[in-house]
Amino acid sequence: MITIKTDAEIQLMRESGRITKEVLDLIGNQIRPGLTTKDLDKIAYDYITSCGAYPSFLGYSGYPASICASIDDVVVHGIPSNEQVIKDGQIVSIDVGVVFNGWQGDAARTFLVGKVSEEKRKLVKVTEECFFKAIENLRDGTPLGNIGYAVQSHAEANGYSVVRALVGHGIGKEMHEDPSVPNYGKMGTGIRLKKGMAIAIEPMINAGVYQVDFMPDGWTVRTRDRKPSAHYENTVVITDNGVEILTL
Ligand code: MF3
Ligand code: CO
């Protein structure tokens, strides 16, 4: 079921979205070689709880942390660890969810650590561009398939591929609501987005093949060819004449 948010509910989602964005800004300012992904997880947990909010990933289907930290060929859902030291030249995607006063925010950034190859820099840049292409013409009445079309065509025009096994989603009182928001699709297909719908748009773009492998830890998703992957996500709400980004 797709829920339509009232203005008062959107105001509450602005608050959780703001905290979500602040966590990512904080991590972006701190991330450097030598820190562990667990250090970043602690930064997120401490900040979110200091706001009187809760990290929505923690305990979700048994997930053991407040963020996902996904390095290089890890697409998404990397579990923070004391053993995983961040190194110069890596691209590190951080995904975080916040629930505040019962409302969810969900966002991700891929950070460049130190001296990153031109190849990986471009992948990160194009992945961000995919998100902005997707929201360019989004408003009340836009078919959902236009999002996937925009992401896929921009990624593929740059020689990259789009992950199919994981998708964006509606968001509100639950982290994952209807509809599913694939990063592939055809113009003019799917349900029409309506004012007051909130969705998490999250391109996951691979430098090589689109296929992924699910690791035995039950969470970590890697590219099948072990080439790098980038992720960029924001929670947005549909308005009359466009979208409002709640996590930027
Ligand atoms: N942002 C992600 C999503 O939209 C991550 C969820 S990870 C989990 O699905 F740990 F919460 F499961
Ligand atoms: Co999400």
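Both ligands and their constituent atoms are indexed starting at 1 by order of listing. Side chains included, hydrogens not; waters and symmetry mates left out as well; all remaining heavy atoms used. Worth saying up front: this structure is predicted, and the values here are computed from it rather than measured.
Considering F57, F214, Y63, Y60 as possible partners of W219, the one that fulfils the ring pair (Phe, Tyr, Trp, His ring centres under 6.0 Å) test is Y63.
Interface of M175 with ligand 1, defined as ligand atoms under 4.0 Å from a residue heavy atom, comprises 11 (F). Atom numbering of ligand 1 starts at 1 in the shown order; those under 4.0 Å from a heavy atom of Y60 are 8 (C), 11 (F), 12 (F). Atoms of ligand 1 found under 4.0 Å from any heavy atom of E202 (numbered from 1 in listed order, with element): 3 (C), 4 (O).
If you look at S56 next to ligand 1, there are no close heavy atoms at all, none under 4.0 Å. Counting heavy atoms closer than 4.0 Å to ligand 1, residue F57 contributes atoms from both its backbone and its side chain.
Ion pair K115/D88 not flagged as a salt bridge, since none of the NZ, NE, NH1 or NH2 atoms sits closer than 4.0 Å to an Asp/Glu carboxylate oxygen. Residues R226 and D213 are paired through a salt bridge, judged by an N-O separation under 4.0 Å between the basic side chain and the carboxylate. Note on R14 versus E244: salt bridge recorded, some NZ/NE/NH1/NH2 to OD/OE distance being below 4.0 Å.
Taking backbone and side-chain atoms together, E233 has an N/O/S atom less than 2.8 Å away from the Co ion (ligand 2). Within the coordination shell of the Co ion (ligand 2), defined by N, O or S atoms under 2.8 Å, H176 is absent.
Considering only non-hydrogen protein atoms, atom 4 (O) of ligand 1 sits nearest to H169 NE2, 2.7 Å. Regarding atom 2 (C) of ligand 1, its nearest protein heavy-atom neighbour is D95 OD2, 3.2 Å. At the top of the distance list for atom 10 (F) of ligand 1, counting protein heavy atoms only, stands Y63 CG, 3.1 Å. For atom 9 (O) of ligand 1, the nearest non-hydrogen atom of the protein is H176 NE2, 2.7 Å.
Checked against the Co ion (ligand 2), the N, O or S atom of E202 at the shortest distance is OE2.
Within the 4.5 Å cutoff, the side chain of C130 has heavy atoms near those of the I205 side chain. The shortest side-chain heavy-atom distance between C68 and V76 does not fall under the 4.5 Å cut-off.
Residues E177 and H169 have side chains that never bring a donor and an acceptor to within less than 3.5 angstrom of each other. Counting only N and O atoms by type, the side chains of S229 and N206 include a donor and acceptor under 3.5 Å apart. Judged by distance alone, the side chains of S56 and Q104 do bring a donor and an acceptor atom under 3.5 Å apart.
Within the 4.0 Å heavy-atom cutoff, C68 counts among the residues contacting ligand 1.
Of the angles at the Co ion (ligand 2), the one spanning NE2 of H169 and OD2 of D106 is 90° when given to 10°.
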